[in-house]
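Right, one structure below, let's go through it.
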There are 2 protein chains.
Amino acid sequence: MTFNFPAKYKGIILYGISLALILILLKWIEWQFIIVDNLFEIYAGIIAVIFTSLGIWLATRLSKPKTVVIEKQVIVRDTEFILNEAMMNELGISRRELEVLQLMASGLSNQQIADRLFVSLNTVKTHSSNLFGKLDVKRRTQAIEKAKRLKLLP
Amino acid sequence: MTFNFPAKYKGIILYGISLALILILLKWIEWQFIIVDNLFEIYAGIIAVIFTSLGIWLATRLSKPKTVVIEKQVIVRDTEFILNEAMMNELGISRRELEVLQLMASGLSNQQIADRLFVSLNTVKTHSSNLFGKLDVKRRTQAIEKAKRLKLLP
DNA sequence: TTTACCGTCATACTTTAGGGTGATTTGCAA
DNA sequence: TTGCAAATCACCCTAAAGTATGACGGTAAA
């Protein structure tokens, strides 16, 4: 049969046992000195030392630690991009047109975009032209700038 | 005539005086109880209580406070732009070239940039051409993309 | 003072971008 | 089936962008 006390009673039990041991010790010392009469002050001194120690020990054990909260700033780049699909639909921008827009923004020429998408240069021109109309801009740099504002590009 | 002890001796003097007072108190208690014989244990108990208190008091005064440091992470979104001047110098990009770059990124044509800066179209072309060389790119869209990566543009 | 770079402008030329129009194919929905 | 939008491509033409080279005045460092 084993007893399983919760951890929070452990401390209390320890203090109780310690106190009991000190009392036994004191009783023993009393026995030693009771023979020699008037050595009263020595006994008192020992008690004083023991209980001062007990007080110090108790204080260090029971004192609540001060908690110091240090705020550490973690700078996070706003990296998350959510495509504004509502705006996509509102402006009637097709999937392919968005693809062309993305490649344009990465700095590719129309010819490079055409090669990347396996279509002709004319097709890319058509897409970009339609795109400019829908975005109401005149140049690709403007399109990129506006698309970023409208959250169509990161 | 005034004495000016350094502050660090103040504590020691205080403890000394306190100890002296306690001893006087104990002596007085001893006087009270010495009349009634065999009330030895009451005296011991009082000493125990006083010195336990003294120990606790000493410990709280003398012990360094226990500190538990809790680091709290505060997420700060990086929204402000700081121009990478080191990169500017490294690439040898001039102030005027950066101006042209900024206006290019806002979607303006070379002519519009020229008008904005009160210079000729040719001057803008020269600046942008030099800029492309320094950024090692071939097109303005590429320049904008790279400049943003290098923190030369927001 | 000489060097070197910046900013300015010009001229000539090439390349790329952009506009307009029209045509074909495909897939989806009325 | 018809109609429509998306995607594809072609041709022609203009506008803008980009390259190369040279020139000139100002300023700051060597």
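Every chain is numbered from 1, with letters handed out A, B, ... down the list of sequences.
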List the atom of K146(B), the atom of V137(B), and the distance in Å for their closest heavy-atom pair. CD-CG1, 4.0 Å

Given dC9(D), is OP1 or OP2 found less than 4.0 Å from the side-chain N or O atoms of T123(A)? yes

Minimum heavy-atom distance between F132(A) and A143(A), given as atom pair plus value: CE2-CB, 3.7 Å

Name the pairs: protein N/O against N/O of nucleotides 16-19 of chain C, kept only if under 3.5 Å.
from	atom 1	to	atom 2	distance (Å)
dA17(C)	OP1	N110(A)	N	3.4
dA17(C)	OP2	N110(A)	N	3.0
dG18(C)	OP1	R140(A)	N	2.7
dG18(C)	OP2	R140(A)	NE	3.2
dG18(C)	N7	K125(A)	NZ	3.4
dG18(C)	O6	K125(A)	NZ	2.7
dG19(C)	OP2	S129(A)	OG	3.2

By side chain to side chain contact (heavy atoms under 4.5 Å, CB included), which residues pair with A147(A), not counting sequence neighbours? L101(A), L152(A), L153(A)

Any side-chain heavy-atom pair of E71(B) and V69(A) under 4.5 Å: no

Using a 4.0 Å cut-off on heavy atoms, which residues in residues 146-154 of chain A reach DNA chain C? List them by number, or say none. none

Set of side chain to side chain contact (heavy atoms under 4.5 Å, CB included) partners for R95(B), sequence neighbours left out: none

Can a side chain N or O of H127(A) be found less than 4.0 Å away from OP1 or OP2 on dA7(D)? no

May I have the distance from L135(B) (atom CG) to dA17(D) (atom C1'), rounded to whole angstrom? 16 Å

Estimated bend of the helix from dT1(C)-dA30(D) to dA30(C)-dT1(D) (axis per five terminal pairs, rounded to 10 degrees): 40°

Rounded distance (Å) that lies between atom P of dT8(D) and atom CD1 of I113(A): 13 Å

With sequence neighbours left out, write down each residue that passes salt bridge (charged side-chain N to carboxylate O under 4.0 Å, His left out) with E90(B), or none if nothing qualifies. none

Which residues pass the side chain to side chain contact (heavy atoms under 4.5 Å, CB included) test with V68(B), not counting sequence neighbours? P65(A), T67(A), I70(B)

May I have the distance from Q112(A) (atom CD) to dT15(C) (atom P), rounded to whole angstrom? 15 Å

Which heavy atom of L108(B) sits nearest a heavy atom of Q112(B), and at what distance? CA-OE1, 3.4 Å

Please list, pair by pair, any protein nitrogen or oxygen found under 3.5 Å from a nitrogen or oxygen in nucleotides 24-30 of chain C.
none

Where V100(A) and H127(A) come nearest, the two heavy atoms and their spacing: CG2-CB, 3.9 Å

Mind checking whether I113(B) and L121(B) have side chains closer than 4.5 Å, heavy atoms only? no

Which residues satisfy the side chain to side chain contact (heavy atoms under 4.5 Å, CB included) test with S120(B), sequence neighbours excluded? N122(B), T123(B)

Within one Ile-Leu-Val-Met-Phe-Trp-Tyr cluster: M104(B) and L135(A), side-chain cutoff 4.5 Å: no

side-chain hydrogen bond (donor to acceptor under 3.5 Å, both in side chains) partners for E85(B), two or more places apart: none

Which salt bridge (charged side-chain N to carboxylate O under 4.0 Å, His left out) pairs, counting each pair once, include a residue from residues 114-140 of chain A, with sequence neighbours left out? E97(A)-K134(A)

Ignoring hydrogens, what is the shortest heavy-atom contact between Q142(A) and G107(B)? Give both atom names and the distance. CG-O, 3.5 Å

I need the CD-C1' distance between Q142(A) and dA16(D), as an integer number of Å. 13 Å

Using a 4.0 Å cut-off on heavy atoms, which residues in residues 86-95 of chain B reach DNA chain C? List them by number, or say none. S94(B), R95(B)

CG of L117(A) versus P of dT8(D): gap in Å, rounded? 8 Å

